[in-house]
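Below: one structure, written as structure tokens.
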Protein chains: 6
Amino acid sequence: MNDVLKKPRKVYVTRTIEFNAAHRLFNPELSEKDNLACYGKCSNVHGHGHNYELEITVSGIVDPQTGFLLDLKELKEILEQEIMDRFDHKNLNHDVVELQNSVPSTEVLAVTIWEVLKRTLQERYTNKKITLHEVNVHETRKNSVRYLGE
Amino acid sequence: MNDVLKKPRKVYVTRTIEFNAAHRLFNPELSEKDNLACYGKCSNVHGHGHNYELEITVSGIVDPQTGFLLDLKELKEILEQEIMDRFDHKNLNHDVVELQNSVPSTEVLAVTIWEVLKRTLQERYTNKKITLHEVNVHETRKNSVRYLGE
Amino acid sequence: MNDVLKKPRKVYVTRTIEFNAAHRLFNPELSEKDNLACYGKCSNVHGHGHNYELEITVSGIVDPQTGFLLDLKELKEILEQEIMDRFDHKNLNHDVVELQNSVPSTEVLAVTIWEVLKRTLQERYTNKKITLHEVNVHETRKNSVRYLGE
Amino acid sequence: MNDVLKKPRKVYVTRTIEFNAAHRLFNPELSEKDNLACYGKCSNVHGHGHNYELEITVSGIVDPQTGFLLDLKELKEILEQEIMDRFDHKNLNHDVVELQNSVPSTEVLAVTIWEVLKRTLQERYTNKKITLHEVNVHETRKNSVRYLGE
Amino acid sequence: MNDVLKKPRKVYVTRTIEFNAAHRLFNPELSEKDNLACYGKCSNVHGHGHNYELEITVSGIVDPQTGFLLDLKELKEILEQEIMDRFDHKNLNHDVVELQNSVPSTEVLAVTIWEVLKRTLQERYTNKKITLHEVNVHETRKNSVRYLGE
Amino acid sequence: MNDVLKKPRKVYVTRTIEFNAAHRLFNPELSEKDNLACYGKCSNVHGHGHNYELEITVSGIVDPQTGFLLDLKELKEILEQEIMDRFDHKNLNHDVVELQNSVPSTEVLAVTIWEVLKRTLQERYTNKKITLHEVNVHETRKNSVRYLGE
């Protein structure tokens, strides 16, 4: 069955999700004035917010029996628990443990999401070779940051 | 010149802009518990946020000399001053005078933006017949609210 | 509270959902040949399919207490039960009772969805004035059909 | 057949097409200096260009036999002949007869496309009641003009 | 001519196309019950469907005379013959020879399209160095699979 | 501060911009007839045009103090001066010095933009390690060309 899968095929599967969060670019080690100089309007005292769009990409060899790299329902559940529950309808500065000592920039967010998912995927897929390949965070339609574990 | 404009033509011109803001759905006249019952996760204490996309539509008769309903540079300036300066990179609950006594729902936001723009356009275009036709606020890719002054 | 809601404000709230379905344009009262003449490649014997994108718009007066027209969680539940359960991951020709004697064109789909939602919204919102305003079905990025109950 | 079509149903069918054209906002009755004052960078001597996206909407009663308002292949052919052949990969100031004496603004373009299609649809659908409802021209992602024949 | 092409420049050219197809995730070697356990609602007996969006990327050195990697009209023709004629308005389980013994998952589809195009491009561009770089299949706005021949 | 930045993290930051330009695919070393044979309708004498969408990607190690790879306001200024001022509302054949001896194909445009930005970024970020990673030019929704300096 699945003729093209008679030899191993490495694919990259991307799942796109969206969460809505508030944040303020603010470094508590700096004064309000220095924060304003560094972050400008992004440092507004009461914060602002975004519809963050994430593209999560995992890679590995397609299973010749199922025709899947992995069951997307499983990936969806993982993203629900690890990403949506952690970040959606939250304030990134106040509500997220992993960002407590951080400026919640898009760069920091991309690396943080990578760390969270890397750990979870390793625990879940110990036998299978499912690898986290890329986390791409779109803060707006115009700005995005990708992290690939480098 | 402009043959098709020899008779009056009513057009609807739409300008799309985006602003990034934090908000919390919270009615100060209710208890925290009642707010949670009413607004759920949208009532998160430290707020969340969105990339709000606005479609502002004005209507009127095309000027046969310029081929324009109105100069888009002018409309762009008005939207910069009245909308972007007021809402972009702001917290809707704390930073916007017009929303001080309000739950900043998408519905309330659409009506508030209508009121702000209606007044400004009337002051600016006293002689010309430029009418605000519609304010459409997209909170996410899935939810939007239109207000037409009814 | 909610200053702008001191006078009644009629808004149009749109919720966008997507379902994935197979269909075949086929009129059982006609021969295979006549179906092919009428529907061309859309009449392929084993069917084809689409990611249908729906924009459901309801209208009414904003509630001055909540700042909502209606609770979007409720609308989401209604659409889950009435639309997603009925059409998503289904074959429109074989699996949908309401389309049994019909050619499942986009036009017929838009009218059918209107009928289903009209009835449900009337049962749910007997006291409130929540009116179904429009059903817009996008079959592809290029083709869409709107029905407003006319 | 087609149960929901036992009573007449008026639908609005929208077809989206895209053409790529150059233009220059320039009024030959005015001096270069006055054109620059009026149109700014849009009056650049050698022109600029756009990917124009059109949404053409026709309305009428769904045919209870076919389940169609009209055959989309026919509409596609009309748009190919009347719109794509006339405007695609053209310079709006030099190559389009209908725009010879006009400033090719988005407003003028919307009205001109309306006139062209109105005539063609009337000739084609003499017996059927297919009405041109709206022409919506998107010049960019941010600017669009609708004309409804008013 | 073409100053920047005086040294060889490797570019990646992407063409996006869309086809509409029905499919059912079903492994004929398994029972109906096991198929349901594995594929859930995607295993619906009468199938469902999608608007598949493909991004086909080819790479190579830009021709210094034409300024092209390859003539896009040629690539368009190849994609019309090899992809659209094979998959558009088809049922992937019944109508596509290359998928006869396969579960038509997005992963299998991406690899199959790669194999079809790899062979065709090699036959067509024997002298030129045009290489198939990537096939990216978007099943929905949320799920996609890339294959790069690994 | 910024816990995840205690080890160096390489990210890819993408900024998306759009400019509107006219062009004509035309090689002055060839006859009109040969140009038509090579470029078809893209060789229309008076040109045509596009809304070009650019994705500019830079890469480097995130600054552990700011949480930024680079200040996006700076990148925005660079793109305004080097790209928008050079290409926006221009005719690529007549108005752009860097394209004087070139056929302004998407391939040539991508390489030209790379050369312009490479030089500017090197001058601006002499001490920091900010590297231009990729220039992706979308001519239409369907065609795009990426250049990575290879």
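Here is the naming used below: chain letters follow the sequence lines, and residue numbers restart at 1 for every chain.
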Please check if any side-chain donor atom of F/N51 sits under 3.5 Å from a side-chain acceptor atom of D/H50, or the reverse. yes

State whether a side-chain donor-acceptor pair under 3.5 Å links F/H46 with D/D95.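 Judged by distance alone, the side chains do pair up.
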
Heavy-atom contact with chain F under 4.5 Å, split by part of D/D88: side chain

Report which part of D/E139 has an atom under 4.5 Å of a heavy atom belonging to chain F: side chain, backbone, both, or neither. backbone

To the nearest 0.5 Å, what is the distance between CG on D/N143 and CG on F/N20?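 Here the interatomic distance stands at 9.0 Å.
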
Rounded distance [0.5 Å steps], NZ in D/K41 versus CE in F/M84: 6.0 Å

D/E53 and F/R141, any side-chain heavy atoms less than 4.5 Å apart: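 A side-chain contact under 4.5 Å exists here.
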
Close side-chain approach of F/H48 to D/N91, heavy-atom, < 4.5 Å: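 No, too far: nothing below the 4.5 Å cut-off.
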
Tell me the closest heavy-atom pair linking D/A22 and F/A22, and the distance in Å.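 Heavy atoms only, the tightest pair is CB-CB, 3.8 Å.
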
